[in-house]
Amino acid sequence: MKDLLRTEHLSRADVELLLSTAAEFAENPLRSNTALANKSVAIYMTKPSTRTRLSSETAVAHLGGTPIFIRGDELQLGRGETIADTAKIISGYCSALIIRTFAQADVDELGAHASIPVINALTDDDHPTQLLADWLTIREKFGSDITGRKFVYLGDGNNMSHAWLLMGAIMGAHVVAATPSGKWAPDPVVVAVAKNIAAHNGGRVEVTHDPESAAKDASVLYTDVWMSMGDSEADRAEKMPALSPFAVTENLMKLTSKDSVFMHCLPAHRGEEVEASVIDGPRSVVWREAYHRRTTIQAILYHLIKGDLKGSTH
Ligand code: CP
Ligand code: NVA
């Protein structure tokens, strides 16, 4: 496996390897601090980022390399140079390319034409690096035996909901997405892919439109912003009321298991998708989750450069 373009490309064994290496980076951030010595990693983003940008830059630095951050408007790509040509040029200078953009197809195309690892740092459809941080956080809380546990995402059927279902399926977990029906439900194609992966890994993938039944006895309630980067502002007036029953409130948390946690990829909008008392309360693990963005990106870079990820066969 040369790249990390989509969550579904990871096998269970790949995720296990990445999580165990990331846990070592959490213990000792400077372990392997020459893995990228004399090497550079390009980080190209056409959307804003706090966590992914900073964790990627610090991950490269901790591995002994030089991060080169490039804003969306700074490449000739914006003036008509092709993705294929850009991929070849960056491959000549850098050892990896981390990209955040709109279309998943653009990331796939970069991966196809670059000779170096290409890492998806969020598209409109997926957010694989986030899910590794999420699962390391879940591991730290619940250990690796997740039998009988339910992992629930509530809110918009967006990129995060897709990545949540796909990674849960890879991990053999019981994962749920509770979203409105119709326009803001997860893409049915992604749900079908997740169900297929789950069938091979002993997982269970559920999509529901009932937030209370989803929250009942859940080990994790996870949410994300209701307006994603790139969403049309014209949808806001219709979208906010449609999503409001899926907000993570104190009342919803009361339905969950005794040892449940609250998770959020961040940025958060308190008073919209989550109540302030939940995200800032004792069950919230959002800061540890955000911390693991660096440890997991370090692990992804380390293993992609080493070339020992196998990829999924499903
Ligand atoms: N969670 C996440 O990807 O955050 P940023 O948009 O700040 O990178
Ligand atoms: N769904 C959000 C995730 C941000 C990390 C977005 O795409 O803006």
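One-based numbering, in listed order, for ligands and for the atoms of each. Keep in mind that the numbers below use all heavy atoms, side chains included, and drop hydrogens, waters and symmetry copies.
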Undergrad: Does Leu266 have a heavy atom less than 4.0 Å from any atom of ligand 2?
TA: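 Yes, that is the case, since the closest heavy atom of the residue is under 4.0 Å from the ligand.
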
Undergrad: Please test Asp231 against Lys239 for salt bridge (charged side-chain N to carboxylate O under 4.0 Å, His left out), starting from the C-alpha separation and ending with a verdict.
TA: CA-CA 10 Å; Asp231 278 357; Lys239 193 174 186 184; 2.8 Å; yes

Undergrad: At what distance is the nearest protein heavy atom to atom 7 (O) of ligand 1, and which residue and atom is it?
TA: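 Of the protein heavy atoms, Thr50 N, 2.7 Å lies nearest.
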
Undergrad: Closest by any non-hydrogen atom to atom 1 (N) of ligand 2: pick that one out of Thr50, Asp224, Asp124, Val225.
TA: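 Nearest heavy atom to atom 1 (N) of ligand 2 lies in Asp224.
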
Undergrad: Would you check whether Arg53 has a nitrogen or oxygen atom less than 3.5 angstrom from a nitrogen or oxygen atom of ligand 1?
TA: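 There is no such contact.
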
Undergrad: What residue and atom, counting heavy atoms only, is the protein's closest point to atom 4 (O) of ligand 1, and at what distance?
TA: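 The protein heavy atom lying closest is Arg51 NE, 2.9 Å.
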
Undergrad: Would you call Asp259 and Arg283 a salt bridge, taking side-chain N to carboxylate O under 4.0 Å as the test?
TA: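 Answer for the salt bridge query: no.
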
Undergrad: Checking the N or O distance criterion of under 3.5 Å, is ligand 2 in contact with Met229?
TA: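 Checking ligand 2 against Met229, an N or O pair does fall under 3.5 Å apart.
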
Undergrad: Check each atom of ligand 2 against the heavy atoms of Leu122 and keep those under 4.0 Å away; list them by number with element.
TA: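 Those of ligand 2 that fall under 4.0 Å from Leu122 are 3 (C), 4 (C), 5 (C), 7 (O).
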
Undergrad: Among all protein heavy atoms in this structure, tell me which lies nearest to atom 6 (O) of ligand 1, with the distance rounded to 0.1 Å.
TA: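 Looking only at protein heavy atoms, the one closest to atom 6 (O) of ligand 1 is Arg100 NH1, 2.8 Å.
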
Undergrad: Before you tell me yes or no, could you show the steps for Leu4 and Asn120 under side-chain contact (heavy atoms from CB on, under 4.5 Å), namely the whole-Å CA-CA distance, both residues' side-chain angles and the distance that decides it to 0.1 Å?
TA: CA-CA 6 Å; Leu4 176 52; Asn120 176 349; 5.6 Å; no

Undergrad: Using a side-chain heavy atom cutoff under 4.5 Å and only I, L, V, M, F, W and Y, what cluster partners does Ile116 have?
TA: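 Its cluster mates, by chain and number, are Leu5, Tyr44, Ile68, Ile70, Leu75, Leu77, Ile83, Ile90, Leu97, Ile99, Val107, Leu110, Val118.
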
Undergrad: Which is it for Glu273 and Asp224 under the side-chain contact (heavy atoms from CB on, under 4.5 Å) test, yes or no, and what are the steps along the way?
TA: CA-CA 7 Å; Glu273 76 276 4; Asp224 181 21; over 6 Å; no

Undergrad: Looking only at protein heavy atoms, which one is nearest to atom 6 (C) of ligand 2, and what is the separation?
TA: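 So the nearest neighbour among protein heavy atoms is Ser228 OG, 3.2 Å.
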
Undergrad: Clusters formed by hydrophobic residues whose side-chain heavy atoms approach within less than 4.5 Å: which one holds Met229, and what are its other members?
TA: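 Besides Met229, the hydrophobic cluster comprises Leu122, listed by chain and residue number.
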
Undergrad: Touching ligand 1 at all, Lys47? Heavy atoms, strictly under 4.0 Å?
TA: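 No.
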
Undergrad: Where's the contact between Leu122 and ligand 1, heavy-atom distance under 4.0 Å: side chain, backbone, both or neither?
TA: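 Within the 4.0 Å criterion, Leu122 makes no contact with ligand 1.
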
Undergrad: With the threshold set at 4.0 Å, does a side-chain nitrogen-carboxylate oxygen contact exist between Glu212 and Lys216?
TA: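 No, this pair does not count.
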
Undergrad: For the pair Phe25 and Tyr302, name the ring-plane relationship: parallel under 30°, tilted 30 to 60°, perpendicular over 60°.
TA: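 Because their plane-to-plane angle is over 60°, the rings of Phe25 and Tyr302 count as perpendicular.
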
Undergrad: Students should be able to answer this: which protein heavy-atom is nearest to atom 2 (C) of ligand 1, and at what distance?
TA: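 I find the closest protein heavy atom is Arg293 NH1, 3.4 Å.
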
Undergrad: Looking at every non-hydrogen atom in both residues, tell me the closest pair between Ile170 and Arg12 and how far apart they are.
TA: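 Smallest heavy-atom distance, with atoms named: O-CD, 3.2 Å.
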
Undergrad: Number the atoms of ligand 1 from 1 as they appear, then name those within less than 4.0 Å of a heavy atom of Leu266, with their elements.
TA: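 That gives atoms 1 (N), 2 (C), 4 (O) of ligand 1.
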
Undergrad: Minimum heavy-atom separation for His209 to Phe246, with atom names?
TA: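 Closest pair (atom of His209, atom of Phe246, distance): O-CZ, 3.5 Å.
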
Undergrad: With heavy atoms of Asn159 as the reference, note each atom of ligand 2 found under 4.0 Å away.
TA: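 Near Asn159, meaning under 4.0 Å from one of its heavy atoms, ligand 2 has 1 (N), 2 (C), 6 (C), 7 (O).
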
Undergrad: Would you mind listing which atoms of ligand 1 come within a distance below 4.0 Å of any non-hydrogen atom of His127?
TA: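 Those atoms are 2 (C), 3 (O).
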
Undergrad: Does the separation of the ring centres of Phe151 and Trp135 fall below 6.0 angstrom?
TA: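 Yes, the ring centres sit under 6.0 Å apart.
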
Undergrad: Is there a polar contact between ligand 1 and Pro48, counting only N or O atoms under 3.5 Å apart?
TA: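 Not met; the criterion fails.
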
Undergrad: Do any nitrogen or oxygen atoms of Pro267 lie less than 3.5 angstrom from nitrogen or oxygen atoms of ligand 1?
TA: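 Such a contact does not occur with ligand 1.
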
